[in-house]
Amino acid sequence: MTERAPAALGARLAIARQFLAAAGLVLTGRNPARRMRSAVRRLALGQDQAGTVSAAADLRLQRLADLPADRPVCLFMAYAADGRLFPHTLRYCADLRAQGLFVLLVVATDRPDLRALDPGPEVVDGVLVRGNAGYDFAAWADALRRLPALWDAPELWFANDSMYHSPRLLPEMVARVRASAADLVALTASEEVAPHVQSYFFALKAPPDRRQAARGFWDEVRALDDKLAVIRQYEIPHRARMEAGGLTVEALYATPAGPGNHLQGSWRSLLEQGFPFVKVELLRDNPFQLDLAGWRGALATHGFVVDEIAFHLGARPDGAAALMETG
């Protein structure tokens, strides 16, 4: 057996697990679309041939302004199959930039020429384009490797396009992150598998001379082709690794004690706290079959741009849970 064979077998088993998980969702009356899409995408990209995808060299610097010495840098990871981002994602980037962040957009695309439609300097301060492999942790790690000067930024913020945001609530959230004295600031924590902070938005505020633990963590990140493996290997240990390295960690918004996907199950109560996000997966797939009745009115009340959200949800040919009779 060649050295490549075990990795190929492991990758194929990971794809098989996605199909089995989808079957389990069907049997329990839940939506299998996300699992099916993940498995089919890997097969289409030929990722059944290896368990780890190397994407570090598969990255193109499309535009970059001078890195600031006095502003937080936000690495915003987004997926754009054909290189074009949806309006709600561009608004999110622009709103972060309006709050004083230097926004570096990292686009994962299926285009072989690694090109993305540049939204312009009024929206983002730079654009990196990479192949679609390894999910958000690999994209952030590749950006840090490609641009090591980022480690000298006064703060490093991390965000992705897995959330819809409220332009009205975002400034207060940014202010809370800035006011925190913690070295690593996240928005919500979870007790699933092990206590950890969730990775859709977090900020490394430790000064550059105290980032050894963070640099060591990100140096080890590789592009894995299994989303569950990314969660187990990177998202869940992230908090513990930072705390072991002497950094303090804070989650700003309260969620119920105990296990559970509180970003989905507690979405209404989080909004009442001024939380500026709702998870895309909740409205797109509703994997836990939660009550979404009145979602449009609830989001509009809290300042979300509902028309842009509905446009994004309606772009999928397989339909979206939130476009059913739940509005």
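Between Leu128 and Leu105, the closest side-chain pair of non-hydrogen atoms is not below 4.5 Å. At least one side-chain heavy atom of Ser266 sits less than 4.5 Å from a side-chain heavy atom of Pro256. Side-chain contact between Leu147 and Leu64 is present, with heavy atoms from C-beta onward closer than 4.5 Å. Leu283 is listed as a side-chain neighbour of Trp295, based on a closest heavy-atom distance under 4.5 Å. By the 4.5 Å heavy-atom criterion applied to side chains, Leu170 and Leu96 are counted as neighbours. In this structure, the side chains of Leu247 and Leu204 come closer than 4.5 Å at one or more pairs of heavy atoms. Contact of the Val106 side chain with the Phe76 side chain is not registered, since no non-hydrogen atoms from C-beta on lie closer than 4.5 Å. With a 4.5 Å cut-off on side-chain heavy atoms, Pro154 and Asp70 do not count as touching.
Under a hydrophobic-cluster definition in which Ile, Leu, Val, Met, Phe, Trp and Tyr are linked whenever side-chain heavy atoms come within less than 4.5 Å, directly or via other members, Tyr253 and Val185 are assigned to the same cluster. Val103 and Leu117 fall into different hydrophobic clusters, defined by Ile, Leu, Val, Met, Phe, Trp and Tyr side-chain heavy atoms under 4.5 Å apart, directly or through other members. A single hydrophobic cluster is not seen to contain both Phe311 and Phe304; linkage of ILVMFWY side chains at heavy-atom distances under 4.5 Å, directly or through other members, places them apart. Placement of Val230 and Leu75 within a single hydrophobic cluster is found when ILVMFWY residues are connected by side-chain heavy-atom separations under 4.5 Å, directly or transitively.
Rounded to the nearest 0.5 angstrom, Leu169 CG and Gln273 CD are separated by 11.5 Å. To the nearest 0.5 angstrom, Leu313 atom CG is 3.5 Å from Tyr164 atom OH. Taken to the nearest 0.5 Å, the OG atom of Ser166 stands 8.5 Å off from the CG atom of Leu271. Rounding to the nearest 0.5 Å places CG of Leu59 at 6.5 Å from CZ of Arg130. Between Leu299 atom CG and Phe277 atom CZ the span is 13.0 Å, to the nearest 0.5 Å. Atom OG of Ser162 sits about 9.0 Å away from atom CD of Glu281, to the nearest 0.5 Å.
A salt bridge links Arg71 with Asp125: the closest approach of a Lys/Arg side-chain nitrogen to an acidic carboxylate oxygen falls below 4.0 angstrom. Between Arg176 and Glu172 there is no salt bridge, since no side-chain N of the basic residue sits under 4.0 Å from a carboxylate O of the acidic one. A salt bridge does not link Asp183 to Lys205: none of the charged side-chain nitrogens sits closer than 4.0 Å to a carboxylate oxygen.
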Inset, instruction - Give the intermediate values and the outcome of salt bridge (Lys or Arg N to Asp or Glu O under 4.0 Å) for residues Glu243 and Arg239. - result: CA-CA 6 Å; Glu243 290 176 333; Arg239 176 177 193 157; 3.2 Å; yes
Legend entry - Intermediate values then yes/no, side chain to side chain contact (heavy atoms under 4.5 Å, CB included), Gln233 and Leu224: CA-CA 9 Å; Gln233 192 160 328; Leu224 306 179; 3.7 Å; yes
Legend entry - Stepwise side chain to side chain contact (heavy atoms under 4.5 Å, CB included) test for Leu104 and Val124: CA-CA 6 Å; Leu104 176 56; Val124 297; over 6 Å; no
Inset, instruction - Would you please test Met173 and Phe201 for side chain to side chain contact (heavy atoms under 4.5 Å, CB included) and show each step? - result: CA-CA 11 Å; Met173 181 274 286; Phe201 196 105; 3.8 Å; yes
Inset, instruction - Go through the steps to decide whether Leu263 and Leu282 satisfy the test side chain to side chain contact (heavy atoms under 4.5 Å, CB included), and finish with yes or no. - result: CA-CA 8 Å; Leu263 285 176; Leu282 171 67; over 6 Å; no
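Between the side chains of Tyr200 and Thr188, a donor-acceptor pair is found at a separation under 3.5 Å. Side-chain N/O atoms of Trp157 and Glu155 include a donor and acceptor closer than 3.5 Å. Between the side chains of Gln198 and Glu235, not a single donor N or O lies within less than 3.5 Å of an accepting N or O. For the residue pair Asp110 and Tyr79, a side-chain donor N or O sits within less than 3.5 Å of a side-chain acceptor on the partner.
In Asp113, the CG atom is crowded: over 12 heavy atoms of neighbouring residues, nucleotides or ligands sit closer than 6.0 Å. Atom CZ of Arg84 has 12 or fewer neighbouring heavy atoms from other residues, nucleotides or ligands inside a 6.0 Å radius.
Side-chain rings of Trp218 and Tyr234 stay apart, their centers remaining 6.0 Å or farther from each other. Between His238 and Phe202, the ring centre distance stays below 6.0 Å. Tyr92 and Phe86 have their aromatic ring centers separated by at least 6.0 angstrom.
The heavy-atom pair separating Val280 from His312 by the smallest distance is CG1-CE1, 3.9 Å. Nearest approach of Ala78 to Thr89, heavy atoms of both residues: CB-CG2, 4.1 Å. The shortest heavy-atom contact between Trp140 and Ser199 is CH2-O, 3.2 Å. Nearest heavy-atom pair across Ala108 and Met77 is CB-CE, 3.6 Å. The two residues Arg145 and Glu220 make their nearest non-hydrogen contact at NH2-C, 4.4 Å. For the pair Ala133 and Ala138, the tightest heavy-atom approach, listed with the atom from each and the gap, is O-CB, 4.1 Å.
Side-chain atoms of Arg60 do not come within 3.5 Å of backbone N or O of Gly131 as any donor-acceptor pair. The backbone N or O of Ala206 lies less than 3.5 Å from a partner atom in the side chain of Arg211, making a donor-acceptor pair. Within the 3.5 Å criterion, the main-chain N or O of Pro287 finds no donor-acceptor partner in the side chain of Asp285. The main-chain N or O of Pro171 is never found under 3.5 Å from a side-chain atom of Arg168 such that the two would form a donor-acceptor pair. Side-chain N or O atoms of Glu122 include none that pairs as donor or acceptor with a backbone N or O of Pro119 at under 3.5 Å.
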